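Structure provided below as structure tokens; questions to follow.
In this chain, numbering begins with 1 at the start of the sequence shown. Keep in mind it's a predicted model, so treat the numbers as computed, not measured. Order of listing sets the numbers, starting from 1, for every ligand and every atom in it.
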Amino acid sequence: MVREWDPRTASSAEIASLLDTLNAVLAADLPQDPPWRANSLREYLSEVMPGERRISWVAEGGPAADGTPGPMLGHVNVLLLGGMGVLEVLVHPELRRTGLGRELVRVAARRVWDEGFQSIGVEVVGDTPAVAFYEALGFTKEYVETRSVLDLGAVEWPALAEMATEVGAGYHVEFCPGGPPDDLIEAYARAKAEVRDVDDGELRPSSYDPQRLRESLDTLHRRGMKPYIVLALHEQTGEVAGLTEVVVPAQHPTRADQYDTIVVRDHRGYGIDRAIKARMLLELRSAEPELAEVQTWNAQANEAMLKVNAELGYRPDRDWCEYSVDVAELVHRLDNQR
Ligand SMILES: CC(C)(COP(=O)(O)OP(=O)(O)OC[C@H]1O[C@@H](n2cnc3c(N)ncnc32)[C@H](O)[C@@H]1OP(=O)(O)O)[C@@H](O)C(=O)NCCC(=O)NCCS
């Protein structure tokens, strides 16, 4: 049975059951990824940026003989933002190829259509059943990135410490756990606005103005995702010349996510990219003793960034694709397939 579901008011048993399904999916599709924990999972599923909305549904199995509610065997949520819906779907591996995934997408797509949105986007992990699934539903591939993973156990720390110091004269590198300090928010937002040559996927919107940036940091904190930032400050002007952002999620604190890395155009060629990323890893090593890996996503055309990541020890892992579809077409197709 598919029903609308609100993670804010869901019982702890439902959240725990959804976590079991998510971990069964990870074990089947991405066995190298760490399993998720219950920490802040409710908040992860509930909290959104101001102006955004997430609507969720679950597919629940039948109750047990003693009346215990059935398990959460499938889940779909759609994040409504900027004219599009961003979809996430999960079906327990034991229930796959029974049409449940298609039904979950149908229900969500119908709502996106009713809300007046035109398109749906989704992140699809290469070499998983999701590729054939979304292609069967008429989604088309828009963009491919490569996910790379750095194993901290394999890092040569003395070499990394050296890299962290190799930055041109006139720059000061600073570690900012929790986010940029308030007096640097404006300079930070300017750096992000000037350069959009980022490490990140298009379905994860970046924040380019100070207010939006504050809201984005607040949302991260509320979702249990701890941000860390390393800045390169240009001493002469006080401007932010470069920045790199890593988030350690409470849901999988052994594997952090590398978000944006930006070096402002005028400040390229001084070793800032490599130095700030190396400094970040050194800082994380002491700030997050549980951390074992860092993952990052890069456009395949971004050769400079890929080269730096390779020097730091990142190894390419999988394709990470963005697919999209016109909502009207999808709703029509799925209604006809019922
Ligand atoms: C993608 C996913 C939702 C599909 O769910 P599902 O319930 O198995 O999908 P359906 O049974 O509705 O399949 C619909 C159609 O998609 C296509 N399809 C789905 N899985 C497929 C596969 N493994 N191979 C080929 N085609 C596939 C088929 O055309 C299928 O129709 P058919 O069974 O009549 O031939 C499910 O595999 C899943 O949860 N994957 C994990 C999603 C994810 O986010 N992964 C990232 C890691 S967390």
Whether R3 engages the ring of W57 as a cation-pi pair (distance to the six-membered ring centre under 6.0 angstrom, angle to the ring normal within 45°) should be assessed. no
Hey, is D33 close enough to R147 for a salt bridge, meaning N to O under 4.0 Å? yes
Hey, are R37 and Q251 close enough side-chain-wise for a donor-acceptor pair under 3.5 Å? no
With W113, which residues qualify under side-chain hydrogen bond (donor to acceptor under 3.5 Å, both in side chains), at least two apart? none
Taking only residues two or more places apart in sequence or in another chain, which ones pass ring-ring contact (aromatic ring centres under 6.0 Å, His included) with F139? Y134
For ligand 1, would you mind listing the residues that have at least one heavy atom less than 4.0 Å away, ordered by chain and number? V25, L26, D29, L30, V89, L90, V91, R96, R97, T98, G99, L100, G101, R102, V125, P129, A130, A132, F133, A136
Side-chain donor-acceptor distances from residues 84-94 under 3.5 Å, at least two apart:
from	atom 1	to	atom 2	distance (Å)
E88	OE1	N77	ND2	3.1
H92	ND1	E94	N	3.1

